[in-house]
Amino acid sequence: MASSVFSNGLGLAGKKTVDAAGTAEALMSAATDGSDHYRSVTLKALAANAGQVYVGGSDVASSTNVGLDAGDSITLSSSTKMLNLSDIYLDVGTNDDGVDFYALR
């Protein structure tokens with residue numbers, strides 16, 4: 001996963017692809033220093049995706065939610081609690097599909 005931290009530390013931009021369809025993978029690895037906690041995150045399915053991307057918890061699958069087509073996006077946010085990016089999982093319908101993501105503190 002490639003990512004870039006904003007110079008003021010208030011945001012993170014990155015890309016996450018899933019190697020194997022049918023295998024849920026966390027958006028990013030858990031961090032002990034809280035660097036994986038943000039107020040909002042926007043996920044945008046890569047334009048080159050051949051299939052859908054499914055967003056959810058560790059049990060995410062094509063059978064449990066509607067997927068994002070190439071170019072579609074979803075924003076997750078909370079005004080009361082920080083989102084842990086390591087608790088957001090992706091599954092894909094086609095190997096190596098994924099998302100660009102933009103997270104803000």
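Keep in mind that the numbers below use all heavy atoms, side chains included, and drop hydrogens, waters and symmetry copies.
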### Closest non-hydrogen atom pair between Phe101 and Lys15, with its separation
CE2-N, 3.6 Å

### Query
At what distance, to the nearest 0.5 angstrom, does CG of Leu85 lie from CG of Leu12?
7.0 Å

## Note on the structure
The single option from Val92, Asn49, Val55, Leu46 that satisfies side-chain contact (heavy atoms from CB on, under 4.5 Å) with Leu68 is Val55

### Test side-chain contact (heavy atoms from CB on, under 4.5 Å) applied to Ser78 - qualifying residues, sequence neighbours left out
Thr80, Lys81, Leu83

Listed pairs under 3.5 Å, donor-acceptor, residues 17-25 side chains, sequence neighbours left out:
| from | atom 1 | to | atom 2 | distance (Å) |
| --- | --- | --- | --- | --- |
| Glu25 | OE1 | Lys16 | NZ | 2.8 |
| Glu25 | OE2 | Asp19 | N | 3.4 |

### Summary
Residues passing the side chain to side chain donor-acceptor pair (under 3.5 Å) test with Ser86, sequence neighbours excluded, are Asp36, Asn84

### Query
Nearest heavy-atom pair of Ala13 and Tyr102: which atoms, and what distance?
CB-CD2, 3.9 Å

#### Entry: Under the side chain to side chain donor-acceptor pair (under 3.5 Å) test, residues paired with Gln52 that sit two or more places apart
Tyr54, Asp69

### Residues which pass side-chain contact (heavy atoms from CB on, under 4.5 Å) with Thr42, listed by chain and number, not counting sequence neighbours
Ser73, Thr75

### Task
Among Ile, Leu, Val, Met, Phe, Trp and Tyr joined by side-chain contacts under 4.5 Å, find the other residues sharing a cluster with Val66 and list them by chain and number.
none

### Query
Which atom pair, heavy atoms only, marks the closest approach of Ala45 to Val53?
CB-CG2, 4.4 Å

### Query
Does Arg39 offer a backbone N or O that forms a donor-acceptor pair with the side chain of Arg105 under 3.5 Å?
no

### Message
With a 4.5 Å cut-off on side-chain heavy-atom distances among I, L, V, M, F, W and Y, is there a chain of contacts connecting Met82 to Leu76?
### Response
no

### Message
I want to check something: taking the side chain as every heavy atom from C-beta on, are Val41 and Leu43 in contact at a cut-off of under 4.5 Å?
### Response
yes

